[in-house]
There are 2 protein chains.
Amino acid sequence: MPYDPSAFPPFAVTVDLVVLTVRRHALCALAVRRGEPPFQGRWALPGGFVRADEDLAQAAARELAEETGLQAHDPAAPVQDHGAHLEQLATYGDPKRDPRMRVVSVAHLALAPDLPAPRAGGDASNARWAPVEELLAQGGYGRDGEPVAPLAFDHAQILADGVERARSKIEYSSLATAFCPPEFTVGELRRVYEAVWNVALDPRNFHRKVTGTPGFLVPTGGTTTRQGGRPAQLFRAGGATLLNPPMLRPEV
Amino acid sequence: MPYDPSAFPPFAVTVDLVVLTVRRHALCALAVRRGEPPFQGRWALPGGFVRADEDLAQAAARELAEETGLQAHDPAAPVQDHGAHLEQLATYGDPKRDPRMRVVSVAHLALAPDLPAPRAGGDASNARWAPVEELLAQGGYGRDGEPVAPLAFDHAQILADGVERARSKIEYSSLATAFCPPEFTVGELRRVYEAVWNVALDPRNFHRKVTGTPGFLVPTGGTTTRQGGRPAQLFRAGGATLLNPPMLRPEV
DNA sequence: AGTGTTTATCGTCAGGCAGACGACTATGAT
DNA sequence: ATCATAGTCGTCTGCCTGACGATAAACACT
């Protein structure tokens, strides 16, 4: 029996991106300003429609490249080549989440080092890195005291879910290295954890933990003083993806 | 500007369910036989189209009730009332995953105690609990030696992802109690872990661990001998949802 | 009634790991 | 020279886990 198109309602399917990075000791997310209704002028997560012949991961990688110029990793490959980590986050399909029509959005989570400057269709004023704390302070006030409108659609929920995923996943995986440049120091990696978790970690215990976990870090032989103080060893991310035992987030 | 329907391709959106339970010391999943092409006669995961006015979680709960009669929990509520745990798993949208048309499937994971007998539209022969090992043995042979066809569509991948989610999530959450009846013994809970992980656990260390984790188990005061041997205390699931420190899956 | 089997439960001990923190090292700034 | 800043190595203590001995309370036999 051929399929009956009237047997199911048509949906629009989009991908939305939670793109996280660490800037100035704060966890930041990429936000773009909406140029058209609904929510015109409000900040939102980058995203767009999935094309007819495109896989979901392809669509997310395409949107990521369009917004940031970042190439997504092959998720199965170790974090070695330059580019962002990209993984599926969750799917949001409330019938009323878009007032225009029935839209199901497959949210993805991307983690990137600090390097890139935002660009949204070449217009920098319509894209920015904002501290997640600020973006999630719904109806509150930003760091410069001006009122901040909440994100468009259900994007505050999506962002919150993405942040929580990142916070929990760096506990038991080597994902935190996705926030670092290809070569980095133990101190830089520690500052990533501190920014994502918003806690202070003991530098000595952290150093013991990460250098003692087999396969997590590989020394490159070089050193750097870019942080000031005594020169620090440079490392690359090792092949290990799962940390066992995990890096424990401090209690409260 | 009104929206332009030609600006995006239409999709069908479905929910597919990975319903897991523990039967006779084995982790089993609910499979239904397909009554129509494509993959007619093959086993598949239960699922169906999301309706026009329905949230994704609602659609998953409806399908679960239709297939098993189980009521889904409110995900936020503690695991106390009877019914199945239900959570979103992942979304599968390969353009070729359904030969008929472009279908995006939002897979959900449900965990249920052993009680229910399968029913699919009243026809029991078209639904069964099968050990996941058997369902995932693509092109292999079942326990009775007859050849087993792989699951329809990409359902083997979805099932594998759901099983992996369950296996990892019982490590750090109280989710394993969702496989148990409302009142259960430490031994029954241990057999759940053993079935899901397919390992043998030390009864003494397991008992120490689960009874020593605050909020995990609440004694009801009753005892039972339904397993034979010395009577065991009965417990209910406590309010804790996250186990800290986690229950560690044995190496290798 | 006694014996064996089964399951539950409590205890003990050694090793590993994490948190707290002291000490030393190697840079640049004043 | 002195100080400030980071990085790195050690030590100690407490907690948790894995391994495993021992006891308890039921049932099935004989």
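Nothing here was measured: the structure is a model prediction, and the numbers come from that model. All chains are named by letter (A, B, ...) in the order of the sequence lines, taking the proteins before the strands, and each is independently numbered beginning at 1.
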B:R204 (side chain) and C:dG11 (base): donor-acceptor pair under 3.5 Å: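 Donor-acceptor pair under 3.5 Å: no.
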
Distance-only donor-acceptor test, B:R230 side-chain atoms vs C:dA8 base atoms, 3.5 Å: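 Indeed, a donor on one side and an acceptor on the other fall under 3.5 Å apart.
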
Distance in angstrom units between [X] [atom1] and [N] [atom2], rounded:
| X | N | atom1 | atom2 | result |
| --- | --- | --- | --- | --- |
| A:E171 | C:dA18 | CD | C1' | 14 Å |
| A:D202 | D:dT8 | CG | C1' | 12 Å |
| B:L248 | D:dC15 | CG | P | 18 Å |
| B:Q227 | C:dT6 | CD | C1' | 11 Å |
| B:F206 | C:dT7 | CZ | P | 16 Å |

Keeping the roles fixed (side chain from [X], backbone from [Y]), state whether a donor-acceptor pair exists under 3.5 Å.
| X | Y | result |
| --- | --- | --- |
| B:T68 | B:A65 | no |
| A:R167 | A:V196 | yes |
| A:H155 | A:L45 | yes |
| A:E194 | A:L201 | yes |
| B:E134 | B:P131 | no |

Looking only at the side chain of [X] (C-beta and beyond, no hydrogens), which of the listed nucleotides [options] gets closest?
| X | options | value |
| --- | --- | --- |
| A:P245 | D:dC20, C:dG19, C:dC17 | C:dC17 |
| A:R208 | D:dT17, D:dA26, C:dA18 | C:dA18 |
| B:P203 | C:dT9, C:dC21, D:dT8 | C:dT9 |

Counting only side-chain nitrogens and oxygens, does [X] get under 4.0 Å of the OP1 or OP2 atom of [N]?
| X | N | answer |
| --- | --- | --- |
| A:R191 | D:dG7 | yes |
| B:H207 | C:dA8 | no |
| A:K209 | C:dC17 | no |

Sugar-phosphate only, base, or nothing, as touched by A:R190 at under 4.0 Å among non-hydrogen atoms: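 Sugar-phosphate, backbone atoms only, no base.
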
